[in-house]
Protein chains: 2
Amino acid sequence: MSPNATDEREQAAALLRGAGLKVTESRLAVFDVFGPGEHLDADDVFTRVAATLPTTSRQAVYGVLGALADAGLLRKIEPAGSPALYETRVGDNHHHLVCTGCSTVFDVGCVVGEAACLTPSESHGFRIATAEVTFWGLCPDCAASGEPS
Amino acid sequence: MSPNATDEREQAAALLRGAGLKVTESRLAVFDVFGPGEHLDADDVFTRVAATLPTTSRQAVYGVLGALADAGLLRKIEPAGSPALYETRVGDNHHHLVCTGCSTVFDVGCVVGEAACLTPSESHGFRIATAEVTFWGLCPDCAASGEPS
DNA sequence: TCGGTTGTTTTGACAAAATCAAGACAACTG
DNA sequence: CAGTTGTCTTGATTTTGTCAAAACAACCGA
């Protein structure tokens with residue numbers, strides 16, 4: 001409907017081709033449902049995809065999300081107590097802020113610079129690949145409604 | 001068997017009492033099965049507890065672990081792709097190193113000091129309660145066996 | 001030491017999230 | 001356009017953990 005919807009599909013298709021993946025309706029549809037800054041779980045994605053592609057199954061969504069995450073086109077995060085979430089922002093090692101009230105996830109830039117995030121003080125001989133930082137707290141909305149003083 | 005087993009039980013009982021929890025066999029048994037530095041999932045705990053307390057049920061273990069975690073006597077961590085793990089080291093905000101090969105979890109001290117771990121660069125108005133850092137990589141054993149060059 | 005209250009454990013059913021397997025099908029290659 | 005390869009559909013299964021209610025045990029006070 002938007003005038004550049006075709007452009008977006010072409011762009012997504014190019015990303016898929018670049019990753020060596022076949023371009024399919026399901027995969028384009030999955031790309032479509034992600035808005036910028038959104039963190040969606042498999043069920044959210046399935047629900048939205050099913051609206052435009054009624055033959056889709058939950059397993060297809062799992063498969064697509066898994067394939068895209070493996071290819072580095074999507075990032076999978078698994079906050080404690082929630083189903084796995086996916087986001088389209090990849091390539092930077094940003095971290096996450098999870099609201100303990102409403103479970104909403106926000107992006108946040110790296111804390112104090114890349115180096116500090118990637119080098120623990122004792123590494124036990126570990127070969128560290130990635131560091132993941134999750135902050136837990138109350139988002140402005142939940143803080144306001146929970147403590148109206 | 002060990003000469004100070006009684007002492008350990010007394011100590012555990014004191015911790016429980018201090019937290020306002022009743023002292024029960026199940027709870028003491030759960031404390032018993034944790035060795036220092038170990039990270040056990042609910043099923044590990046159940047298996048070990050069942051060896052000495054055959055009437056125990058899985059749900060009792062979930063209940064005990066939940067109660068102890070709520071009381072701050074145990075810490076619950078939930079690494080992506082694994083069941084929840086519990087550890088006895090509480091009170092310091094240490095972090096974790098997870099092996100992508102064998103899923104073993106190691107403790108690691110805070111990266112560059114408490115402050116850096118608790119203040120993301122943009123907080124979005126969040127009231128941050130805790131920060132959780134997880135490092136992913138290969139432990140010495142897995143690095144050695146996977147790449148014997 | 002003995003009841004009474006309260007919190008804990010047992011039992012069994014249930015729910016959510018994700019995975020596995022096999023056949024049908026569609027996208028890319030030449 | 002046909003073949004090959006990878007993807008999707010369908011349905012069952014597994015794993016992890018929760019819920020609810022009744023039986024039971026620990027702690028308090030007399």
Side-chain angles (χ1 to χ4, degrees), chain A residues 9-10 12-33 39-47 49-50 52-71 73-74 76-86 103 105, chain B residues 9-10 12-33 39-47 49-50 52-71 73-74 76-86 103 105:
Chain A
R9 287 176 78 84
E10 257 321 306
L15 283 173
L16 287 170
R17 265 186 269 270
L21 294 171
K22 290 188 178 170
V23 178
T24 66
E25 280 306 313
S26 314
R27 289 174 177 174
L28 295 176
V30 167
F31 264 115
D32 267 355
V33 303
H39 301 82
L40 305 178
D41 65 30
D43 202 61
D44 292 333
V45 174
F46 169 68
T47 304
V49 169
T52 57
L53 214 60
T55 65
T56 309
S57 64
R58 223 166 292 258
Q59 286 75 356
V61 170
Y62 277 111
V64 170
L65 291 173
L68 297 184
D70 283 350
L73 267 36
L74 235 45
K76 180 183 189 179
I77 62 173
E78 305 182 46
S82 301
L85 300 175
Y86 295 84
S103 298
V105 176
Chain B
R9 289 176 77 84
E10 258 320 307
L15 283 173
L16 288 170
R17 266 186 268 269
L21 294 171
K22 290 189 177 169
V23 178
T24 66
E25 280 306 313
S26 314
R27 289 174 177 172
L28 295 176
V30 167
F31 264 115
D32 267 356
V33 302
H39 302 80
L40 305 177
D41 66 29
D43 203 59
D44 292 333
V45 174
F46 169 67
T47 304
V49 168
T52 57
L53 213 61
T55 64
T56 309
S57 63
R58 225 165 291 259
Q59 287 74 356
V61 170
Y62 278 111
V64 169
L65 291 173
L68 296 184
D70 284 350
L73 267 35
L74 235 46
K76 181 183 189 178
I77 62 173
E78 304 183 48
S82 301
L85 300 176
Y86 295 83
S103 297
V105 176

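Side chains included, hydrogens not; waters and symmetry mates left out as well; all remaining heavy atoms used. Each chain gets a letter, A, B and so on, in the order its sequence line appears, and its residues count up from 1.
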S.K.: Would the distance check show the side chain of B/R27 and the main-chain N or O of B/K22 forming a donor-acceptor pair, the cut-off being under 3.5 Å?
M.R.: yes
S.K.: Nearest whole angstrom, please: distance from the C1' of D/dC27 to the CG of B/L28.
M.R.: 15 Å
S.K.: Using whole Å, what does the distance between atom P of nucleotide C/dA26 and atom CZ of A/R27 come to?
M.R.: 15 Å
S.K.: Quick check on D/dC8: is either OP1 or OP2 less than 4.0 Å from any side-chain nitrogen or oxygen of A/T55?
M.R.: no
S.K.: Quick one: pull up CG in A/D70 and CG in A/L65 and give me the separation to the nearest 0.5 Å.
M.R.: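 It comes to 11.0 Å.
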S.K.: Would you indicate which nucleotide in D/dT7, C/dT8, C/dC28 comes nearest to any side-chain atom of A/R17?
M.R.: C/dC28
S.K.: Base, sugar-phosphate alone, or nothing: which one does B/R58 contact when heavy atoms must sit under 4.0 Å apart?
M.R.: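 Counting heavy atoms under 4.0 Å across all strands, no contact is made by B/R58.
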S.K.: Does C/dG7 have its OP1 or OP2 closer than 4.0 Å to a side-chain nitrogen or oxygen of B/T24?
M.R.: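 So the side chain of B/T24 is outside the cut-off, no N or O lying under 4.0 Å from OP1 or OP2 of C/dG7.
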S.K.: Of all of residues 59-69 of chain A, which get a heavy atom below 4.0 angstrom from DNA chain C, listed by number?
M.R.: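 Only A/Q59, A/Y62 qualify.
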S.K.: What is the distance, rounded to the nearest whole Å, between atom CG of B/L21 and atom C1' of D/dC28?
M.R.: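 Spelled out: CG on B/L21 to C1' on D/dC28 is 17 Å.
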S.K.: Can you check whether B/D44 reaches B/H39 side chain to side chain, under 4.5 Å on heavy atoms?
M.R.: no
S.K.: Do A/L68 and A/L16 make a side-chain contact, defined as non-hydrogen atoms from C-beta onward lying under 4.5 Å apart?
M.R.: yes
S.K.: Using a heavy-atom cut-off of under 4.0 Å over every strand shown, decide if B/S57 touches base, sugar-phosphate, or nothing.
M.R.: base
S.K.: Whole Å only: how far is the NZ atom of A/K76 from the C1' atom of C/dA17?
M.R.: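 The distance from NZ of A/K76 to C1' of C/dA17 comes to 10 Å, rounded to the nearest Å.
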S.K.: For B/K22 and for B/A42, locate the closest nucleotide of DNA chain D by heavy-atom distance; then report the residue assigned to the nucleotide nearer the 5' terminus.
M.R.: B/A42
